[in-house]
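What follows is a short report on a single structure.
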There are 2 protein chains.
Amino acid sequence: MRKPGKAPTMSDVARVTGVSSMTVSRAFKDDASVSKETRDRIRKAAEKLGYVIDSTASGLSSRRTGFVAVVIPSINNANFADTLRGLTEGLRSTNLQLLLGYTDYDVKEEERLVELFLRRRPEAVIVTGGYHTARCRKFLKNAGVPVAEMWDLPSKPIDHVVGFSNAAAAELMVHHFHDQGFRKIGFIGGDTSRDTRGKDRRAGFVAALEKLGLDTTRIIAWGTPPITMREGASAMRQMLEQWPDTEAVMCVSDLSAFGAMTECQRAGLSVPGDIAIGGFGSYDLSELAIPDITTIDVGARDIGRHVADWLRTVLTDSPGQAVDSVSIEPKLLARGSTLRSLQTSD
Amino acid sequence: MRKPGKAPTMSDVARVTGVSSMTVSRAFKDDASVSKETRDRIRKAAEKLGYVIDSTASGLSSRRTGFVAVVIPSINNANFADTLRGLTEGLRSTNLQLLLGYTDYDVKEEERLVELFLRRRPEAVIVTGGYHTARCRKFLKNAGVPVAEMWDLPSKPIDHVVGFSNAAAAELMVHHFHDQGFRKIGFIGGDTSRDTRGKDRRAGFVAALEKLGLDTTRIIAWGTPPITMREGASAMRQMLEQWPDTEAVMCVSDLSAFGAMTECQRAGLSVPGDIAIGGFGSYDLSELAIPDITTIDVGARDIGRHVADWLRTVLTDSPGQAVDSVSIEPKLLARGSTLRSLQTSD
DNA sequence: TCATCTTACGTTAGCGCTAACGTAGAATCC
DNA sequence: GGATTCTACGTTAGCGCTAACGTAAGATGA
C-alpha cells in the first residue's frame, strides 16, 4: 500500500511532462490528436508516477462510463459461463467493461441488482430471462439505455432479445422420448416459483405430452433452483417410489439428470434399459457420463456473441441501424441414456 | 428506453420537493440528519421522477466508490463460486459492490483486469493466487487500497492473505494413497505454465512422493487450465498407455478426476479395483459419481467469508486494528474411488 | 432567563476529468 | 503569395454529487 499523500492526477502528469492536462487526457485516448513523441513522453511519465486514469471522473465528464451491466442467475453454471464468454469475446475489441451480478434465480434480487447497477450509469443493461418484478421493468424501461433480455423469448420484450423458447426445447425432448417408444414420461425440476426458465421447460413438457395424449402427472418438483445433482437424485428416488413404472424422465438440467441417473444405477436399474433419462444444457458432464446423457444444446455461447454484436452496433458502430432480435434454435443431442438400440450388453 | 431529455438529477428532485440538493443527497444516505417526513417526501418524488442516484458523481465527490474489485480465474468453477458466495454474503450488510472479473488462468489477463479495475478506484482489491506479473504486483502495491490474495499462501504477500498450501493439500492425497498400499502413483494436471495453483499441487505431489522414496515420473500434463473432464479422460488414456501398471492417480481437480475415472471404466478397468483415483476441490460431482471420488475440501466458502470479515474491518468498522492473515486447513475426504475395502462386488 | 446544545436544513467549493472551442505555426493549394 | 487547411496543442466551463462549514429555530439546563 502506498501511504504518502494521495494518488497522482492528470495535472501531476501534466506538470512533470510540461503539457496541459488536456493533452494528457488525449494521450490516454486512441483517436486523439497528439504527436507520437508527446504521447510516449506522457505515457512514460505516467507509468513512472504510478498514475492510473480515473474512470469515475472521466465517466462523469464524458457521460460514458464504459460499463455494460450484466445480470445472470448464477455464476456457477456452464451455460451462463459460455454466454459470458461469448459476450466477453465479442466486446474485447471495444473498451466496454462488464459489470457482472448474479441473482441466484431470484427476481427480487434481480431488481436490487438492476437498481444498484443503474447507479453506475451503464451504457447498456443485459438481463437473463423475460420475467421481472414490476419495479424492475420500470427501471429497465426508464434507464435511457439499450436493454437486452437473453435466454428467453419474452412475449412483451423491453427492448432487444436474444433467446430461445424453453418450452419448444422441452418439446424436442418429449418427441424424442416418444420416437423411442417411451410413453410413461416424467419430469424432474426445481421449485418453479423461482426458476422461470425451468418453469417454461416444464410447461412445454406438459403441453407436448398433452398433444400426444399422454399422462402428464409424473412431475417431481424438488429443491431450490439451481437444482443440484443431489436434488436430482432425491427427486428420482421420489419418482421411482411414486411411479415405479416410469419409462423415461426429462430433467430440467444436465446436473439433475446426472444425479437422477446415478440414483437409478445405485438402485440397480439400468439406464436406458430400465429407464431413460434426458437432461438439458449440454454440459461436459453429459458427454462423459456412463452412459452419456441425451441433452439439449441451446447455443449458450452464441447467445453471448449475438448480444455482443448487437451491443457493438448500438453503442459504437452505427447506432441508427437497429438489429433485429435473435431467436436461437435449440438442438437435441441424442445419446446413450435414451437410446436402447445403442445399449451395450453389461 | 426513455427518450425525452436527459436523466433527472438531484437538483430536479430538489426543485420539485422544494429543498436544496444537499438535503436530497442526505435523504439518500442512512446516517444523515433529515427529518423523516422530508426524507419520505424526497424519496417519493424521486421514485416518481424515475431518479436514480449517480454513483459515478458521488464516488468522485466522496472519494468512496463502493467498489471492491475481485479477480478470479474462472466464473465456471464451483470452488470460486463458493468463495464468491462467501464474499457476497459477508458483504451484504455493507454497501460495497463487487466488481468481478475472470482471468481464464492467465496472469497477463489478470494484469489487464487489475489495471482496468484500478481505474474504477475500488476501495479494495482481491486477487486469486500469489503469482502475478511484475507490473501487476506494482499496480497492487501502489494502489493505495487494501489488497487481499486468496487461495494460496504466497511467500511474499502483498498485503492480506486468506488461503491454504496447495502443496500440503496434495501431500494429503499422496499419504492417503500410501496408507492404502498404493506405490505406483501418477498425477494428471494441465499445462503448468498457467495454473499456478495446479503447479503447486503437482510440486507438493512430487515432494511427497520423494519423501516416501517413490517413483515421481508418472506425470501427465495435458490441456490448458482449467482442465476439463474431457482432457482428464485423454490424460488418463495417455497414462494407461505409458504406465499401464499405475495403481493410483491424483488429478488436479474433481472434473479431470471424473473424466479420468470414466475413461478407466470405458476401458474396462474397475475403480478402485484396478486403479484408484483422487480428485481435488470437493465438487458435488465427486460425491454423486459411481464410485464416489476421494477428494480434498479446501473450504472455498470459508475463504470468501474470511476475506469479507477482513474487508469489513479494514474498510468500515475499525480500520486500525489489523486482522491477521488466515491459513485454511484443507481436509481429505476418503471415498470409494480409493478405498478397496469399501468396494462392492460387481 | 440567557447561554448552550441539538436538529434540520442551506451554501460554497471542489472531486478529476473531458467537450467544445480557441489558436499558433506549419503545410498545402491555385 | 495570400487564403485555406491541418496538426498539435491550450483554455474554459461544467459533468452530478458531497465534505465542510454555516445558520435559524426550537429544546435544554442551571
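Letters A, B, ... are given to chains in the order of the sequence lines, protein chains preceding strands, and every chain is numbered from 1.
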Worksheet entry | Integer-rounded Å distance: C:dG16 P and B:Arg120 CZ | 17 Å

Worksheet item: Is a salt bridge present between B:Asp12 and B:Arg15, judged by a nitrogen-to-oxygen distance below 4.0 Å?
Response: yes

Practice prompt. Please state how far atom CG in B:Leu60 lies from atom P in C:dT18, giving the value in whole angstrom units.
Written response: 12 Å

Discussion item. Taking the cut-offs as 6.0 angstrom to the six-membered ring centre and 45 degrees off its axis, would you call B:Arg112 and B:Phe117 a cation-pi pair?
Written reply: no

Response to the item:
To the nearest angstrom, the CZ-P distance between A:Arg64 and C:dA20 comes to 13 Å

Worksheet entry | Pair A:Asp54 + B:Arg120: basic N to acidic O under 4.0 Å | no

Item to complete: Using a cut-off of strictly less than 4.0 Å, decide whether B:Ser21 has a side-chain nitrogen or oxygen near OP1 or OP2 of D:dC17.
Response: no

Worksheet entry | Length of the CE-C1' vector between A:Met10 and C:dG14, whole Å | 18 Å

Discussion item. Tell me whether the side-chain N or O atoms of A:Arg63 pair up with the base of D:dG16 as donor and acceptor below 3.5 Å, since no angle test is needed here.
Written reply: no

Discussion item. Check the phosphate of C:dC9 against B:Thr38, side-chain N and O only, distance under 4.0 Å to OP1 or OP2. Yes or no?
Written reply: yes

Worksheet entry | 5′-ward residue of the pair B:Asp54/B:Arg26 relative to DNA chain D | B:Asp54

Discussion item. What I want to check is whether an N or O donor and acceptor connect the side chain of A:Arg121 with the base of D:dG16 at under 3.5 Å.
Written reply: no

Worksheet item: Has A:Ser25 got a side-chain N or O lying under 4.0 Å from the OP1 or OP2 atom of C:dC17?
Response: no

Practice prompt. Report yes if a side-chain nitrogen or oxygen of B:Tyr51 is closer than 4.0 Å to either non-bridging phosphate oxygen (OP1 or OP2) of D:dG16; otherwise report no.
Written response: no

Fill in: Minimum-distance nucleotide (side-chain atoms of A:Ser20 versus C:dA19, D:dC17, D:dT11)
D:dT11

Discussion item. Rounded to whole Å, how long is the line connecting atom CD1 of A:Ile53 with atom C1' of C:dG16?
Written reply: 10 Å

Worksheet item: If you measure from the Lys or Arg side-chain nitrogens to the Asp or Glu carboxylate oxygens, is any gap between B:Lys108 and B:Glu111 under 4.0 Å?
Response: yes

Practice prompt. Rounded off to whole Å, could you give me the CZ-to-P distance for the B:Phe28 and D:dC17 pair?
Written response: 9 Å

Discussion item. Tell me the interatomic distance from A:Met22, atom CE, to D:dA13, atom P, rounded to whole angstroms.
Written reply: 16 Å

Discussion item. Using a heavy-atom cut-off of 4.0 Å across all strands, would you classify B:Ser33 as base, sugar-phosphate, or nothing?
Written reply: base

Worksheet item: Closest nucleotide of DNA chain C for B:Val19 versus for B:Ala57: which of these residues is on the 5' side?
Response: B:Val19

Item to complete: Kindly say if B:Lys36 contacts the phosphate of C:dC9, meaning a side-chain N or O under 4.0 Å from OP1 or OP2.
Response: no

Discussion item. On the six-membered ring of B:Tyr105, is B:Arg197 placed so that its NZ or CZ lies under 6.0 angstrom from the centre and within 45° of the ring axis?
Written reply: no

Worksheet item: Once you round it to whole Å, what is the distance between P of C:dA8 and NZ of B:Lys29?
Response: 16 Å

Worksheet item: Has the side chain of A:Ser61 got a donor or acceptor that lies under 3.5 Å from a partner of the other kind on the base of C:dC17?
Response: yes

